Amino acid sequence: MIMRSQPPLLELRDISYSYPDHDSPLLEGINFSIHKERIGLIGPNGSGKTTLFQIIMGLLKADTGEILLEGKKMETEKDFQQIRRRLGLLFQNSDDQLFSPTVLEDVAFGPLNIGATPAEARNTSISTLKQLGLEGFEERITHKLSGGEKKIVALATILAMHPQLLLLDEPSNNLDPETRERLITILRGLNQVHIIISHDLDFLASTCTQLYAIEKKTLVRCEEKQVHSHEHIHPYGNQPHQHGT
Amino acid sequence: MIMRSQPPLLELRDISYSYPDHDSPLLEGINFSIHKERIGLIGPNGSGKTTLFQIIMGLLKADTGEILLEGKKMETEKDFQQIRRRLGLLFQNSDDQLFSPTVLEDVAFGPLNIGATPAEARNTSISTLKQLGLEGFEERITHKLSGGEKKIVALATILAMHPQLLLLDEPSNNLDPETRERLITILRGLNQVHIIISHDLDFLASTCTQLYAIEKKTLVRCEEKQVHSHEHIHPYGNQPHQHGT
Amino acid sequence: MIDEPFATGSTLFHKRDARVKIVGAASISLVLALNSSIPAAVAGCLVTGSLLILSRPEPLSLCRRIATINVFTLFLWLTLPLTYGGEEMMQISFLKLHLDGIHMASLITLKTNGIFFCFLALLATSTTVSLGHGLERLGLPRKLCFLLLFSYRQLFVIHQEYQRLRRAARLRGFIPANSLHTYRTYSHLFGMTLVKSWNRGERVHQAMVLRGFSGKFIPLDQPQLAKEDYLFLITMLLLSLLLTGLSLSLLPLS
Amino acid sequence: MHISEGILTAPVLTCGAVLTTVGTAVGLKKLDYDRIMTVSLLSAAFFVASLIHVPVGPASVHLLLGGLLGLILGWGAFPAIVVALALQTIFFQYGGMIVLGVNALCIAGPAVLCGLLLRPWLTGSRKQQLTAGFLAGFCSMLFSALLMAVALFLSDHGFLKVATIVLASHLPVMLIEGLITMFVVTFLARVQPEILSLNRSSAQ
Ligand SMILES: Nc1ncnc2c1ncn2[C@@H]1O[C@H](COP(=O)(O)OP(=O)(O)OP(=O)(O)O)[C@@H](O)[C@H]1O
Ligand SMILES: Nc1ncnc2c1ncn2[C@@H]1O[C@H](COP(=O)(O)OP(=O)(O)OP(=O)(O)O)[C@@H](O)[C@H]1O
Ligand SMILES: [Mg+2]
Ligand SMILES: [Mg+2]
């Protein structure tokens with residue numbers, strides 16, 4: 001990492017975590033910092049990617065290690081409340097993230113909680129929705145949206161709080177190709193610092209500049225920009241396909 | 001298709017289906033039959049693969065066309081109850097498939113429903129679990145299993161009913177490489193007639209002998225055994241990955 | 001299965017604010033519920049029936065709902081004339097019919113349907129969401145209204161989860177019967193639904209915390225009442241007054 | 001199991017409305033904001049239970065499961081049931097807005113009572129757990145039916161026989177409720193015991 005005068009936006013130092021009922025730790029000695037990068041994060045199922053996001057947001061408490069926001073150590077619940085205002089987490093499942101009956105209310109929920117007046121919250125929400133191409137969605141009932149629409153609305157609920165860093169947990173999962181493309185365009189347009197968990201490397205390639213992986217309980221940086229080819233000695237290679245991860 | 005004296009195990013004739021609230025049909029003029037083949041089924045997201053399985057199992061009623069089991073036309077709910085005894089469907093999401101508190105109860109549920117005595121059901125279940133390498137899982141709480149374990153247990157619940165034909169809906173989805181390999185070994189060892197929906201062509205190549213695709217609303221047979229190579233011009237090509245579909 | 005077939009439309013009922021409709025519906029229903037004279041009940045039915053026609057409900061769903069409501073009144077017609085007691089009697093072969101019972105059954109049928117028409121015309125023309133917000137603005141405890149709105153939001157998710165599990169059971173040869181196995185299976189299906197609901201609740205709570213929720217609900221402001229809303233409210237209150245007068249003046253003399 | 005609109009008299013309606021208001025207020029007070037999502041979801045699950053039809057003899061009945069909600073939520077079950085009944089009124093026109101007070105009292109009252117009384121047994125032996133589950137389902141439904149019969153009788157003495165018929169016809173349903181509640185309780189105790197001790201501290 002290049003030395004800069006400014007402290008990193010977010011820094012993790014020697015984070016370890018284990019779930020109470022497991023014998024061996026899930027994550028161990030995680031060191032990581034982010035300034036203005038756009039980072040992709042990969043790793044096998046159950047390797048603790050989602051858990052890492054929860055630790056960063058203060059939803060789970062790390063066993064050891066420190067989390068620093070702009071050089072300031074986060075310790076108390078108050079500190080983490082501050083983290084939550086400045087970092088936005090997009091859940092793997094949008095149905096867990098959208099809980100208000102209408103889209104406008106859901107998007108306005110965050111701004112209202114951090115002290116906006118109802119009128120301000122309404123304006124912020126409407127302009128965020130517009131930014132994501134969701135004009136006219138304000139009064140739609142959230143549970144009646146399609147899967148792809150839900151994902152974009154969930155993104156709106158987070159952007160309405162003007163986060164400095166976005167954490168996206170498998171955002172392209174279960175999206176049809178069109179919505180996936182739309183999401184890529186949106187993320188490229190936002191110009192936001194972000195960390196994206198995904199198994200979909202094409203998606204990461206189009207939205208990120210660096211790649212990290214969770215390997216053997218810790219976070220490692222991957223090499224970049226490689227062109228490779230591989231041979232399919234199996235049948236059906238002429239069909240669009242994916243390789244087992 | 002080669003003519004045989006025996007009627008095919010399962011035959012679809014001119015099946016069409018459209019969801020009530022959609023304007024154009026999703027599936028049209030599907031003709032298909034299976035004797036003893038092991039078939040892979042591919043197609044883009046939303047092309048109606050899962051829907052086709054639901055039609056076969058009688059969970060959705062086709063608008064036109066016929067379904068024949070060993071030459072016998074399936075029409076009434078009673079007929080489909082018979083289909084459900086002889087065909088086993090593995091869901092895309094195992095969480096939707098497991099509902100009993102413990103693994104043993106879940107696996108024994110099917111045999112009990114088709115008339116086994118409790119003792120028989122227990123024996124069948126234990127031997128099925130053993131066959132899949134799940135000894136010692138009997139008293140585990142299904143809800144607390146890992147994703148991969150859930151998938152194999154879900155397969156056990158189906159195998160315990162000794163189906164003649166297995167329908168597997170994206171069985172390798174969300175599996176880590178190890179469990180995926182294990183599933184391949186299991187499926188090869190079972191020696192069962194099956195149809196597998198998957199986007200993972202490597203998986204299909206190791207488990208199937210024929211490939212079909214849903215293209216333009218209908219089912220077409222794909223040519224086989226091709227070797228191909230493709231080039232990745234995106235970064236991170238060195239990581240195991242999948243392509244957006 | 002769970003739907004709001006009458007909530008979309010463009011009649012004057014659909015356009016009115018939920019608050020005035022709730023107050024209007026409450027006052028008319030209350031008057032009708034407390035009335036005990038048949039002529040006033042007939043008048044009530046006519047009034048609310050006309051309101052219902054003005055709200056132009058979708059006929060098929062309407063018939064289905066009216067039928068549902070009247071299953072119970074049918075039960076009363078089958079039982080009350082035989083069981084109600086009272087002096088006046090009518091004998092048809094071996095059955096003794098009590099006129100009082102017939103009177104009671106007719107009264108209840110009229111009242112039930114009258115109130116139901118009012119409900120369909122005034123409340124079913126709003127979405128559940130706007131009713132929830134309306135109740136909150138009318139002063140119901142905020143926690144209760146949020147409980148209503150959040151439950152409404154999650155109903156569909158949970159119902160689908162249950163249905164997927166039930167489908168899995170069906171595919172494994174489950175056929176409901178009168179047996180312990182059946183009841184145990186339903187318990188497992190519902191138990192698993194509960195477990196999933198519970199865990200979803202934790203996750204949704206996390207989502208709220210992440211968006212700065214700290215134990216206080218702040219509602220978005222809602223549109224002010226328009227002139228037409230006040231006019232509508234006054235009309236509804238006048239109708240209730242009229243029906244009150246009618247039911248008092250027609251009170252059966254004892 | 002609901003009383004329809006247009007049957008009860010003013011005093012009965014008023015009494016139901018007042019007691020339901022009190023019950024709801026107590027329930028809301030005991031329910032802190034951290035739990036509101038969980039309670040909403042359980043309330044929605046309670047609503048979904050009413051869509052589950054189980055066979056009883058030649059017919060089928062839908063589940064109520066008030067006793068189960070009482071066991072899980074204690075006083076919190078009161079507002080949860082009120083909300084679920086309001087939603088049922090909106091979607092299926094079960095009951096109605098004027099009788100909502102009486103209906104809610106008849107269902108939530110026994111549910112909370114049975115829940116609070118039987119909850120201590122849940123921590124006991126397996127047998128006690130089974131008994132608590134069965135009694136919660138059976139008794140809460142029994143008391144609900146009794147309360148409804150009383151409401152009908154108080155409104156008009158001529159309803160006596162009808163109320164008796166309704167009560168008697170619900171006996172098999174109570175048995176089913178008892179069994180199903182018992183099975184669900186053992187299910188939860190095995191799969192996710194945390195659910196059965198929700199709000200234990202705040203309800204005491
Ligand atoms: N609340 C919990 N209690 C106990 N164990 C848990 C809990 N949540 C997750 N785990 C376990 O911790 C491990 C890591 O889970 P996590 O969700 O962080 O993985 P992930 O990398 O996000 O996987 P995926 O790619 O499937 O989303 C898994 O084995 C999981 O079973
Ligand atoms: N219950 C439903 N009602 C209406 N439309 C539905 C329903 N279920 C699925 N669809 C639609 O039908 C289409 C086909 O769905 P289906 O699940 O069969 O696709 P699939 O080929 O299995 O896709 P995937 O690869 O994503 O699993 C999709 O566009 C989907 O949105
Ligand atoms: Mg994850
Ligand atoms: Mg599918």
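Quantities reported herein were computed from a predicted structural model and do not represent experimental measurements. Every chain is numbered from 1 and lettered A, B, ... according to where its sequence line falls, protein lines coming before strand lines.
When all heavy atoms are compared, the tightest approach of C/M192 to D/F187 is N-CE2, 3.4 Å. The minimum heavy-atom distance between C/L194 and D/I195, with the atom names listed, is O-CD1, 4.4 Å. Of all heavy-atom pairs between D/A44 and C/L155, the closest is O-CD2, 3.8 Å. The shortest heavy-atom contact between D/S4 and C/T112 is CB-CG2, 4.5 Å. The two residues C/F190 and D/A45 come nearest to each other via the heavy atoms CE1-O, 3.4 Å. Counting all heavy atoms, side chain and backbone alike, C/P141 lies closest to D/L28 at CB-CD1, 3.9 Å.
Annotation: maximal heavy-atom pairing with chain C below 4.5 Å, among D/V56, D/L179, D/V191, occurs at D/V56. Your options are D/I176, D/V99, D/L160, D/L8, and the one with the most heavy-atom pairs under 4.5 Å with chain C is D/I176. Interface summary for chain D: among C/N113, C/I158, C/T193, C/L180, the most heavy-atom pairs under 4.5 angstrom belong to C/I158. Counting heavy-atom pairs under 4.5 Å between each of D/T186, D/T181, D/D156, D/I165 and chain C puts D/D156 at the top. By number of non-hydrogen pairs under 4.5 angstrom with chain D, the leading residue of C/A177, C/G201, C/S151 is C/S151. If you tally non-hydrogen atom pairs under 4.5 Å between each of C/F217, C/F213, C/F156 and chain D, the highest count goes to C/F217. Here C/I115 is the residue among C/L82, C/L34, C/I115 with the most heavy-atom pairs under 4.5 Å with chain D. The greatest number of non-hydrogen atom pairs below 4.5 Å with chain C, out of D/A80, D/G57, D/P58, is found for D/G57. Among C/V204, C/L110, C/L189, the residue making the largest number of heavy-atom pairs under 4.5 Å with chain D is C/V204. Between chain D and the residues C/H205, C/K111, C/Q154, C/R200, the most heavy-atom pairs under 4.5 angstrom are made by C/H205. Interface check for chain C: of the options D/L41, D/T9, D/L87, the most heavy-atom pairs under 4.5 Å are formed by D/L41. Counting heavy-atom pairs closer than 4.5 Å to chain C, the top-ranked of the candidates D/V54, D/L63, D/I52 is D/I52.
In this structure, C/Y183 contributes its side chain and D/E177 its backbone to no donor-acceptor pair below 3.5 Å.
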Review point. Passes side chain to side chain contact (heavy atoms under 4.5 Å, CB included), D/Y33 versus C/F146? Steps please.
Key: CA-CA 11 Å; D/Y33 272 110; C/F146 275 101; 6.0 Å; no
Practice item. Would you sort out whether C/T79 and D/K161 count as a side chain to side chain contact (heavy atoms under 4.5 Å, CB included), showing the intermediate values? Key: CA-CA 9 Å; C/T79 50; D/K161 281 188 183 147; over 6 Å; no
Practice item. Carefully, step by step, assess C/Y162 and D/L51 under the rule side chain to side chain contact (heavy atoms under 4.5 Å, CB included). Key: CA-CA 10 Å; C/Y162 171 73; D/L51 296 170; over 6 Å; no
Exercise for review: Report the C-alpha separation of D/F183 and C/Y186 in whole Å, then their side-chain angles, then the decisive distance to 0.1 Å, and conclude whether the ring-ring contact (aromatic ring centres under 6.0 Å, His included) test is met.
Suggested key: CA-CA 9 Å; D/F183 286 135; C/Y186 275 111; over 10 Å; no
Practice item. Please report the C-alpha distance between D/Q192 and C/N199 in whole Å, then the side-chain angles of each, then the deciding distance to 0.1 Å, and finally whether the side chain to side chain contact (heavy atoms under 4.5 Å, CB included) criterion is met. Key: CA-CA 10 Å; D/Q192 198 151 5; C/N199 291 317; 2.9 Å; yes
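Only the side chain of C/L123 has a heavy atom closer than 4.5 Å to any heavy atom of chain D. Neither the backbone nor the side chain of C/L107 comes within less than 4.5 Å of any heavy atom of chain D. Within the 4.5 angstrom heavy-atom criterion, no atom of D/S60 approaches chain C. With a threshold of 4.5 angstrom between heavy atoms, D/I98 approaches chain C through side-chain atoms but not through N, CA, C or O. Using a 4.5 Å cut-off between heavy atoms, C/P176 touches chain D through backbone and side chain atoms alike. Looking at D/L188, the atoms closer than 4.5 Å to chain C (heavy atoms on both sides) all sit in the side chain, from C-beta outward. For a residue to count as touching a neighbouring chain, one of its non-hydrogen atoms must lie under 4.5 Å from one of that chain's; by this rule C/A124 does not touch chain D. Contact annotation for C/F72: only side-chain heavy atoms (C-beta onward) come within less than 4.5 Å of a heavy atom of chain D. Heavy-atom distances place both the backbone and the side chain of C/L147 under 4.5 Å from chain D.
The aromatic rings of D/F159 and C/Y84 sit perpendicular to each other, their planes meeting at more than 60°, with 30° as the lower class boundary.
Note: C/L32 CG to D/E5 CD = 9.5 Å, rounded to the nearest 0.5 Å. Between atom CZ of residue C/F150 and atom OG1 of residue D/T38 there is a gap of 11.5 Å, rounded to the nearest 0.5 Å. Interatomic distance, C/W198 CH2 to D/E194 CD, rounded to the nearest 0.5 Å: 7.5 Å. Taking CZ of C/R153 as the reference point, atom CE of D/M37 lies at 9.0 Å (rounded to 0.5 Å). Separation of atoms CG (C/D3) and CZ (D/F92) is listed at 8.5 Å; rounding is to 0.5 Å. Once rounded to the nearest 0.5 Å, the distance linking CG of D/D34 with CD of C/E202 reads 10.5 Å.
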